[in-house]
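Take this structure, written in structure tokens, and hold onto it; I'll ask about it next.
Within every chain, numbering begins at 1; the chains are lettered A, B, ... in the order of the sequence lines, protein sequences first and strands thereafter.
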Amino acid sequence: MEISLETIQNLAPDQASLHAAKKLLKPAKWPLLGQDPGVNTIWGQCQGSGSNPYLTMADVVDHGYKCTCPSRKFPCKHVLALWWQFADRPDDFTVSDPPEWVHDWLGRRRKKSTSTEAETAGKVEKKNILLATGDDTPALSAAEQANKEAAKAQRAKQIKAATEASIRDGLVEFQQWVDDQLRTGIGGLMKEISSRCRQIAARMVDAKAANLASRLDEIPAKVLALPSHEQARKVCQELSQLVWLSEAWLVDPDDPDARRSVAATESRAVLLETPETLSVMGVWETVGEQIVTRRDGLISHASWLLNLDESAEQRFALLQDFYPASVGRRQGGERVGSVISAELIFYPSRLPLRATIHTQKACAPQVCDWPHEEVAPDTGFARKLCTIPWLESHPFIVSEGRIAADKKGRFYWRDSYGAWPLMNEHVSPLLQGCEIRRACIVWDGNNAELLGVQAKPWGSIAC
Amino acid sequence: MLNQDELQQALAVTEQLQRQWMIGAGEVAATVTLPESWSALLQGTSPEHARLLTLALTGQLQLMMTSGCSGQQSLHEKPLLPMLAVPTLPESLRPLFRRSLEGLSKQRSIDVACVLRLLSQRRVTAHPADWLPTNKEKSLPREYWPWCRWVADVAAMNTEAGETLSEDTWDQFYPAERLALLQDMRALEPDSARELIMQCAGREPADKRLSIVGTLAVNLAPADVDYLQSLLQDRSKKIATLASQMLSRLGTLLEQDSAEMSEEEVQEHAETYTLEKKGILKKRLRLRPKKMRSGKQNAIRTERLGGISLSAFARVLGLKVTQLLDAWDFEDNRPSDNLAFLTNAASTLSDDHIEHLLARLLSDASITHNDISLLEQVVARLSPEARQTCVQQILRGKDATLSFYDCLLLVESPLDDLLFTDLKNSGAWKALCNRIGEEFDGGYLENLHCCAELTSLGLLVPQATAAAVLDAVESMGLSLADPALDLLQLNNQLPILT
């Protein structure tokens, strides 16, 4: 079982892909590499720009492949890098049975003339793998390098100042808009909630307040999902939180929580270069997934990880990925119950939640109850709101309860603290019919979304 | 920090303000007195900014003060899913089981119950997160009855394990469970079972009553005659027909109670056939159909074949019933006539005659893959053990042209005994190998027929044979990761009873 560099060169969609693949050849980027000669298949997990590592797998004989990255190049740089590493260092690939995700792919794939297509496509543009192996940037002197860095810093400063000015104007406009809604009536806003929110969201995009725009864009979906008697109250609450957010940014644009919620999230590269980031090593279990198609066409894929160490201070981590709807919506819950031993790096925050995987290795499933705190979700959420008033929701592990339903068919999580209304439209009959030792819910102050449970005696079950 | 009274006051103000904002309000109305703690925050700000900050404060207060639902008395919980007496599938095999079910859902022709029966044979059950009954399945293994009861939400779901079926407990059992218990009862105490049916069947609707009366087929005996005679007057025609068929099996059906066909009509029907002798050395009777003049006449003959008393038919032809069964020419008769004849035979002939008919069918080379529905009619009358023997006999026959999928339709559970050495000599295996050789081009098997055959094999053979089949197909070049082999893999990896 082998593949030549020439074949990889032919399979690459363009020269840029080969260059990009070359940068992924470092073993540190691939915490897992494996092969099964019986099925001519190699696989690996590549830590890309997403928070979850990409699952990459390929056939070295018929050149079929799959990667979970959202790239629109086929094959993507991860697949090319996987083949390339196999061509260079086949011994780095541990011989083993294919893991579940590779087995799923093997089961689904059908033999196609991938290599022929790729080779044909390859003729359109000249590519050379040797070009990718060399360093194509001319060396600079120390002085030139310093000048370049200074110019770069100056440019960044100018861009930052221009962006902040733009956002400031945008937030002033947003507050004016909120005030208009209060003066003219929330009732009127609710009649035209989709169009009005879309309009102000578009203005925020123009003002470079992209994340605020996304949150505004999602308000109609959040509000309309609720029973009608709760909708007006929800609109007021959402607007009130966004007023808090805009005030926070206007007071301190460098506040990491406000900046991330208004403008944009730092890239993974920036995060890794930030010295004061919180890094937590531990055994993490995926306790729930939320996959939502947003109004802007992106699919938001949130994976909630729980630190299984009872004494850990940092209990939860959120791995957040976005990908275009065109690459296909994944099924939620597939990872629930999977466990990794990993070092997670958290985005700077007063309430660190969002994180990215720095290093990881697979881990055997743990047979233990999910650790939880003896606090009701509403009390816990109120405490979090004191820290970040515009917090949308927060995860909690609740314990020893059942799923109940009212006469209208709405579901509730019921435990010793009370009954918590669930946003889930469907709860499987199995979950309704079992004693739940632990459940992961995301509470937004009014309603909860049930994500995953540990049931007696059936183990971890995704919702 | 606000005290309880101040909090309540603040919440009341929040409600008032939100009511105002619903219809629109330029300024906070004079009637609304903001909490003192808020006033300090709003001091010195413009009216517009004060309005925004008030909105921010009210929203946060509401979010922080919201608690869970208060009216939980009106909520109801579903009863707990009962534990099954048999352990669940090992965790390591659950992904393979899920893949197997996914594969079956694509093929559609094989029922999930076949996989569950394979699991039952190895004394494991599905994990409820992977599979739960849907209230539609009818032939599930008994291990799953508690789940069926739970899914069906049967009123008295707290039926104790081991509780016997009686007039008092009749309604506490899930219908499919009740049928199986009745069949068990008929096998051990046929008279008690009949008494129970007489007492309870009347309260069920016609479709359920039909199935319940159908359980009398187990250990059908002359003692059942009186009850069956009474059912001839049942308000459901299907039940009256079933009773008449059972009486016919017992040979006690009186002419006046038989199907509405008169002696003249039987005679007329017999005249549409020619009885000939065939063969040079060993002369054999052969009943061939005469050519009819129109499609309408053909249809009438088919209809009569389905309802005629076969003993009367044989008598008019001057034959015994066994001679009629031997003489029937499957090649010359139309497929619809063959099916009607065998359906009638399977419903009305005695067990001895059924055995005779089955031997005839299995020895007839003209019965091929296309005639599986004929065989199914007759095999349905056999006990589960006899069905297994029948399928083993078919698979050991070199000339049999039935496929593995056909064989799967004939048995209720995977075969207890079938060696690979026997299997590899079968016509079905040779046909499968040839087909794989023609279709397989180095990738994954895509031919639907081959996939269905391998899936059927996985559900049909014992563990050792499944392992040997996997070795054999791997040597043909198939990848062990091929989804067509999922059920063979599951069969091979399932624990074996010791």
Side-chain angles (χ1 to χ4, degrees), chain A residues 38-39 41 62 98 100 103-104 106-111 175-176 178-179 182-188 232-233 236-241 243-244 247 365 376-378 381-382 385-386 389 402-407 412 414 417-421 429-430 432-435 445-446 457-459 461, chain B residues 14 17-18 20-27 48-49 51-72 74-83 88 91 95-96 99 102-103 127-129 132 150-151 441-444 446 474 479-483 486:
Chain A
V39 288
T41 303
D62 69 13
E100 180 65 15
H103 215 298
D104 279 350
L106 287 170
R108 287 194 176 92
R109 70 183 293 238
R110 289 288 178 263
K111 191 178 170 71
Q175 290 195 342
Q176 179 62 52
V178 175
D179 193 48
L182 294 180
R183 281 190 304 101
T184 55
I186 299 293
R233 180 181 156 119
C236 288
Q237 286 173 355
E238 281 292 316
L239 293 181
S240 87
Q241 288 201 302
V243 170
W244 277 111
E247 286 291 315
D378 52 358
F381 190 64
L385 278 177
C386 294
R402 293 286 312 272
I403 304 295
D406 64 15
K407 284 177 185 165
Y412 293 77
R414 182 146 77 170
Y417 291 109
W420 311 88
L430 171 60
Q432 294 174 53
C434 55
E435 289 178 278
N446 297 296
W458 309 114
I461 303 171
Chain B
T14 298
L17 285 170
Q18 286 190 349
Q20 283 184 15
W21 288 329
M22 271 305 287
I23 54 172
E27 288 175 19
E48 293 81 12
H49 199 214
R51 202 160 38 233
L52 287 176
L53 293 181
T54 310
L55 171 69
L57 289 165
T58 55
Q60 192 185 32
L61 181 71
Q62 263 190 347
L63 277 170
M64 293 177 77
M65 296 303 293
T66 305
S67 65
C69 164
S70 53
Q72 41 174 315
S74 58
L75 301 179
H76 65 272
E77 291 173 359
K78 204 170 164 68
L80 292 175
L81 180 73
M83 286 280 288
T88 48
E91 200 62 29
L96 183 55
R99 278 206 303 277
E102 200 183 321
H127 189 286
L132 261 182
W150 183 81
V151 169
D441 62 354
Y444 290 90
E446 293 192 51
E474 192 183 12
S479 161
L480 290 178
D482 196 313
D486 278 348

* For A/Glu100, enumerate each residue passing the side-chain hydrogen bond (donor to acceptor under 3.5 Å, both in side chains) test, keeping only those at least two apart in sequence or located in another chain. => none
* **Straight-line distance of A/Leu182 CG to B/Glu48 CD, nearest 0.5 Å** =>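 The CG atom of A/Leu182 sits 11.5 Å away from the CD atom of B/Glu48.
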* Asked: Checking A/Leu430 against chain B: side chain, backbone, both or neither under 4.5 Å from a heavy atom?
  ->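 Backbone plus side chain of A/Leu430, per the 4.5 Å heavy-atom cut-off to chain B.
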* To do: Could you check which of A/Ala405, A/Gly459, A/Gly187, A/Pro98 has the highest count of heavy-atom pairs closer than 4.5 Å to chain B?
  => A/Ala405
* Report the residues that fulfil side-chain hydrogen bond (donor to acceptor under 3.5 Å, both in side chains) with A/Glu238, sequence neighbours left out, ordered by chain and then residue number. =>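 With neighbours one apart ignored, the set is A/Lys222.
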* To do: Calculate, to the nearest 0.5 Å, the distance between atoms CG and CZ belonging to B/Asp486 and B/Arg99 respectively.
  =>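 Interatomic distance, B/Asp486 CG to B/Arg99 CZ, rounded to 0.5 Å: 5.0 Å.
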* To do: Return the option, out of B/Gln18, B/His49, B/Gln62, with the maximum number of heavy-atom pairs under 4.5 Å with chain A.
  =>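 Max contact count across the listed options: B/Gln62.
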* Asked: For B/Ala56, does its backbone N or O pair with a side-chain atom of A/Trp244 as donor and acceptor, under 3.5 Å?
  ->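 At least one qualifying donor-acceptor pair exists.
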* Under a 4.5 Å heavy-atom cut-off, does chain A meet the side chain of B/Glu91, its backbone, both or neither? -> neither
* To do: Specify which of A/Pro389, A/Ala382, A/Gly433 makes the most heavy-atom pairs with chain B at under 4.5 Å.
  => A/Gly433
* To do: For each of A/Gly188, A/Pro429, A/Cys386, A/Cys434, tally heavy-atom pairs with chain B at distances under 4.5 Å, and name the one with the top tally.
  =>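 With the most close heavy-atom pairs to chain B, the winner is A/Pro429.
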* Asked: Tell me, side chain or backbone of B/Leu52 under 4.5 Å from chain A's heavy atoms, or both, or neither?
  -> both
* Asked: Do you know which of B/Met64, B/Glu77, B/Glu102 has the most heavy-atom pairs under 4.5 Å to chain A?
  -> B/Glu77
* Keeping the roles fixed (side chain from A/Arg402, backbone from B/Lys78), state whether a donor-acceptor pair exists under 3.5 Å. => yes
* Structure fact -> Cut-off 4.5 Å, heavy atoms of chain A, and the answer for B/Thr58 is neither
* Given a strict heavy-atom distance threshold of 4.5 Å, which part of A/Pro457 is in contact with chain B: side chain, backbone, both, or neither? ->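 Side chain of A/Pro457 only, per the 4.5 Å heavy-atom cut-off to chain B.
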* Is a side-chain N or O of A/His103 found less than 3.5 angstrom from the main chain of B/Ala481, in a donor-acceptor match? -> no
* **Part of A/Glu435 within contact of chain B (heavy atom distance under 4.5 Å)** => both
* Asked: Is a donor on one side and an acceptor on the other found under 3.5 Å between the side chain of A/Trp458 and the backbone of B/Pro128?
  ->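 Side chain of A/Trp458 to backbone of B/Pro128, a donor-acceptor pair under 3.5 Å: no, none is there.
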* **Top contributor to chain B contacts, counting heavy-atom pairs under 4.5 Å, from A/Glu247, A/Gln241, A/Lys407** =>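 Heavy-atom pair counts peak at A/Glu247.
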